[in-house]
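Some notes on the structure that comes next.
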Amino acid sequence: MTRLLCATDLLPKSERAMDRAGMLAEELGAELSLLHVVSPTASERVLEQSLQIAMNRMRSRARPPLWRHGSEPRIIVRTGNPARLICDTVTQEQSGLLVVGPHERRDVLEGLSGTIAEKVLAARKSPLLFVQTSADVSYRNVLFAVDLSAEAELAVRAAETLVLSRDARATAIHVCVPPLRGMVPSTTAALRATVARRQLTGAIHDLLTRASADCSRYDVVVEEGHPIPALLRAVETHRPQLLVMGTRAMGRMRRALLGSVANQLLKEVVDCDVLVVPRIAELASGRACRPPAPGALLRH
């Protein structure tokens, strides 16, 4: 059985994440656990009181009338380092999906340590669903950022297995880097560009045929440009409820200095939810996933 984990800080922004996790668990027939991490304190008495308060609040939130999505979830309250405990809990619970609240914006000083979400992504334990919008309906309009890598196939399989409803429509967009500026335009160059676009479109269709249980639900779009601006334009144009990206974790220092397409999009995309699928995440559905090959969909 698929297991879902929702990490919550009990703040208002996490309400949507808990609702979405409950909705998905009900649709999948999955087991759901809600995790809250309490910061440690020097006083054992104060810590014990904090843990008890957190447990009471979690139990209240996970029962009707506040809980509206099928079976009541399992409650887990722990104390310690949030990122480490979330990763440990994903492993212990064998969670196929981790659901969290909005991605926090960072300043320069926070860049080296990264957010909790980035640390969890770097651990590559499971796909992460960042919930930023109200969980009123199932995902019907979904945008996939894809290339021709194994990570793209993994992202498609993860989304279809864990979050997409049967009647969801999707757009798969591939962004190719434009040729060098200053080159003299010619009929031959234009013809080559047209042929290349047609070949890329065909290759994306082939990828979807391999990875999807229903490739007919996808429209394929090939855009020329740089990834971040092109994908932001696509989000604005298509107005998806969910953006799906694959990613491959990298070292903390490199991530802080260079950033990544996935990480930068998480900062910029605020009007839809985002599903990020790490390179070696395993799906809990039991559906076989081929080992990823070199190269990444969106590097993290």
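Count residues from 1 along the sequence.
- You'll find the side chain of Thr171 stays beyond 4.5 Å of the side chain of Pro240, heavy atoms only.
- The two residues Ser39 and Leu47 come nearest to each other via the heavy atoms O-CD1, 4.0 Å.
- In terms of heavy atoms, Val156 sits closest to Tyr218 at CG1-OH, 3.5 Å.
- Within the model, atoms CG of Asp271 and CD of Glu236 stand 9.0 Å from one another, a figure rounded to the nearest 0.5 Å.
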Practice prompt. Under the side-chain contact (heavy atoms from CB on, under 4.5 Å) rule, what do Val221 and His174 come out as? Steps first, then yes or no, please.
Written response: CA-CA 6 Å; Val221 176; His174 173 73; over 6 Å; no
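- With sequence neighbours left out, the side-chain contact (heavy atoms from CB on, under 4.5 Å) criterion links Pro40 to Thr79.
- There is a path of hydrophobic side-chain contacts, each under 4.5 Å, that joins Leu35 to Phe130.
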Worksheet entry | Verdict with reasoning, Arg16 to Asp273, per salt bridge (Lys or Arg N to Asp or Glu O under 4.0 Å) | CA-CA 10 Å; Arg16 295 173 176 178; Asp273 296 349; over 6 Å; no
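- A donor and an acceptor atom, one from each side chain of Ser138 and Glu27, are located under 3.5 Å apart.
- The nearest pair of heavy atoms linking Ser60 to Leu66 is O-CD1, 3.7 Å.
- Contact of the Pro127 side chain with the Leu98 side chain is not registered, since no non-hydrogen atoms from C-beta on lie closer than 4.5 Å.
- Between Leu32 atom CG and Met18 atom CE the span is 10.5 Å, to the nearest 0.5 Å.
- At least one donor-acceptor pair closer than 3.5 Å links the side chain of Gln132 to the backbone N or O of Cys272.
- Looking at heavy atoms from C-beta onward, Gln199 lies in side-chain contact with Val195 at the 4.5 angstrom threshold.
- Taking the side chain as every heavy atom from C-beta outward, Gln241 and Val142 never approach each other to under 4.5 Å.
- Tested against Arg78 for a side chain to side chain contact (heavy atoms under 4.5 Å, CB included), the candidates Leu51, Val38, Thr89, Ile86 yield a single pass: Thr89.
- In this structure a side-chain-to-backbone donor-acceptor pair under 3.5 Å is missing from Asn141 to Ala170.
- The structure places CG of Leu97 at 7.0 Å from CG of Leu24, a figure rounded to the nearest 0.5 Å.
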Worksheet item: Yes or no on salt bridge (Lys or Arg N to Asp or Glu O under 4.0 Å) for Glu15 and Arg61, after CA distance, side-chain angles and deciding distance?
Response: CA-CA 9 Å; Glu15 293 291 314; Arg61 181 61 179 81; 2.6 Å; yes
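- In this structure, Leu208 and Ala172 approach most closely via the heavy-atom pair CD1-CB, 4.2 Å.
- At a threshold of 4.0 Å, the pair Arg217-Asp167 does not count as salt-bridged, since none of the basic side-chain nitrogens sits closer than that to a carboxylate oxygen.
- The closest side-chain heavy-atom distance from Leu129 to Leu242 is below 4.5 Å.
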Fill in: side-chain contact (heavy atoms from CB on, under 4.5 Å) between Leu148 and Ile204, worked out
CA-CA 7 Å; Leu148 302 178; Ile204 296 299; 3.5 Å; yes
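- Note that CG of Leu164 and CG of Leu275 are 9.0 Å apart. Values are rounded to the nearest 0.5 Å.
- For Asp214 and Ser212, the side-chain atoms include no donor-acceptor pair closer than 3.5 Å.
- Ile53 and Val77 end up in different hydrophobic clusters when Ile, Leu, Val, Met, Phe, Trp and Tyr side chains are linked at under 4.5 Å.
- Using a 4.5 Å cut-off on side-chain heavy atoms (C-beta onward), Leu162 and Thr2 make contact.
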Worksheet item: After noting the C-alpha distance and the side-chain angles of Leu200 and Cys176, does the key distance pass the side-chain contact (heavy atoms from CB on, under 4.5 Å) rule?
Response: CA-CA 9 Å; Leu200 281 171; Cys176 54; 4.2 Å; yes
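- Placement of Val131 and Met23 in two distinct hydrophobic clusters is found when ILVMFWY residues are connected by side-chain heavy-atom separations under 4.5 Å, directly or transitively.
- Every residue was checked against the ring-ring contact (aromatic ring centres under 6.0 Å, His included) condition with Tyr139, not counting sequence neighbours, and none meets it.
- Heavy-atom minimum distance, Glu26 versus His69: OE1-CA, 3.5 Å.
- When all heavy atoms of Arg68 and Pro65 are compared, the closest pair comes out as CG-O, 3.7 Å.
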Fill in: Audit row: Val269, Leu231, side-chain contact (heavy atoms from CB on, under 4.5 Å) steps and yes/no
CA-CA 10 Å; Val269 175; Leu231 290 173; over 6 Å; no
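- Between Arg84 and Cys87, every side-chain heavy-atom pair lies at or beyond the 4.5 Å cut-off.
- Remark: the backbone N or O of Arg169 is not paired with any side-chain donor or acceptor of Arg140 at under 3.5 angstrom.
- In terms of hydrophobic clustering, with Ile, Leu, Val, Met, Phe, Trp and Tyr side chains grouped at heavy-atom distances under 4.5 Å, Leu143 and Leu265 are assigned to a common cluster.
- Between Ser14 and Asp9, the side chains place a donor N or O and an acceptor N or O closer than 3.5 Å (distance only, hydrogens not considered).
- Remark: the Ser149 side chain and the Glu151 side chain contain an N/O donor-acceptor pair separated by less than 3.5 Å.
- Judged by distance alone, the side chains of Asn56 and Gln52 do bring a donor and an acceptor atom under 3.5 Å apart.
- Taking CD of Glu72 as the reference point, atom CG of Leu34 lies at 10.5 Å (rounded to 0.5 Å).
- Between Asp88 atom CG and Glu93 atom CD the span is 11.5 Å, to the nearest 0.5 Å.
- A salt bridge links Arg3 to Glu31: at least one charged side-chain nitrogen sits closer than 4.0 Å to a carboxylate oxygen.
- Looking at heavy atoms from C-beta onward, Leu10 lies in side-chain contact with Met58 at the 4.5 angstrom threshold.
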